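To start, the structure itself, in structure tokens.
Since we're looking at a predicted model, the values are computed, not measured. In listed order, ligands and their atoms are each counted from 1.
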Amino acid sequence: MIRENIEEVERKVKDSCRKAGRISDEITLMAVSKTMPVLFLREAYEAGIRDFGENRVQELMDKIPQMPDDVRWHMIGHLQRNKVKYIIDKVAMIHSVDSLRLAEEISLEAAKRDLVVDILVEVNIAGEESKYGVTAEEASSLVEKIAKLPALRVQGLMAIAPFTENPEENRPYFQKMKKLCVDIGEKNIDNGNMTVLSMGMSGDYTVAVEEGATCIRVGTGIFGAR
Ligand SMILES: *Cc1c(COP(=O)(O)O)cnc(C)c1O
């Protein structure tokens, strides 16, 4: 079932790319495997998935040694500063950086290990109370400040759009994210290149792809309900 689900997501991504005049190779399909057993992750791996997203540090640490070395792990959940040290050398990218203080901690721990860590700045694009992330207005100045830190590289932005039955409702938010990414990119901030736009989940990834997502994070649509 997992393989079929992945094939379906890939097919829909291709359709959206065709509609939008994009190349599907530009888009990374991340399997969001939080709460799922390693057996399921292995099935996804067998079906070609190499990017996995987790939102809890402990779960991430438990799963890493049980999966092949070429998996790229993405931290997509809220990250506490005191836990940065556990994952810093194990993740390909941290998608959920929402404060200068967190970024400073990441840079500090990365420097200790001679690493440069790729991060995204999380934007609360719909201004929802329940969500983490900076406002669209704050994003640019946070990127500028974070980009000055020595041991990390800002690669772009991440957003979690509102939960909705109708993905079209999120189109304006995805458009706003794309514009924000381009606007910040045009400032040519040293050490920040704004090439990654992480947005779109099971319910709305087709619209996100049409609007410029380069990384979609799909959980339920691959593994079934949590
Ligand atoms: C859980 C989660 C997802 C995946 O959600 P689905 O609706 O199951 O696809 C994507 N991004 C983040 C940040 C998540 O926490």
Note to self: Counting only nitrogen or oxygen atoms and a 3.5 angstrom limit, does N55 reach ligand 1?
What the structure shows: no
Next item on the list: Do me a favour and list the nearest non-hydrogen protein atom to atom 12 (C) of ligand 1 with residue, atom name and distance?
Entry: I76 CD1, 3.5 Å
Next item on the list: May I ask you to decide if M1's main-chain N or O and E4's side chain share a donor-acceptor pair within less than 3.5 Å?
Entry: yes
Checklist line | Proximal ligand 1 atoms for T220, defined as those under 4.0 Å from one of its heavy atoms | finding: 6 (P), 7 (O), 8 (O), 9 (O)
Next item on the list: Give the C-alpha distance, both sets of side-chain angles, the deciding distance and a yes or no for side-chain contact (heavy atoms from CB on, under 4.5 Å) between E7 and R3.
Entry: CA-CA 6 Å; E7 284 167 359; R3 177 181 291 272; 3.6 Å; yes
Notebook entry, point to check: Which atoms of ligand 1 have any heavy atom of R217 under 4.0 Å away?
Noted result: 4 (C), 9 (O), 10 (C), 11 (N), 12 (C), 13 (C)
Item checked: Closest protein heavy atom (residue, atom, distance) for atom 9 (O) of ligand 1 -> S202 OG, 2.5 Å
Check: Of all the non-hydrogen atoms in the protein, which one sits nearest to atom 5 (O) of ligand 1, and at what distance?
Finding: M201 CE, 3.4 Å
Item checked: N-O pairing of E168 and R171 below 4.0 Å -> yes
Margin query: In the structure I gave you, are the side-chain heavy atoms of R42 and Q66 within less than 4.5 Å of one another anywhere?
Written below: yes
Check: Taking all non-hydrogen atoms of both residues, which atom of G212 and which atom of L197 are closest, and how far apart?
Finding: O-CD2, 3.7 Å
Item checked: Whether H74 and H95 hold their rings parallel, tilted or perpendicular, with breakpoints at 30° and 60° -> perpendicular
Next item on the list: Output yes when the distance from some N or O of ligand 1 to some N or O of V218 is under 3.5 Å, and no in every other case.
Entry: no
Check: Which residue and non-hydrogen atom of the protein lie closest to atom 14 (C) of ligand 1, and at what distance in Å?
Finding: K34 NZ, 3.0 Å
Note to self: Let's go through N193 and Q155 carefully: what are the C-alpha distance in whole Å and the side-chain angles of both, what is the deciding distance for side-chain contact (heavy atoms from CB on, under 4.5 Å) to 0.1 Å, and is it a yes or a no?
What the structure shows: CA-CA 5 Å; N193 65 32; Q155 297 283 20; 2.7 Å; yes
Checklist line | H95 and ligand 1 - part of the residue with a heavy-atom distance under 4.0 Å | finding: neither
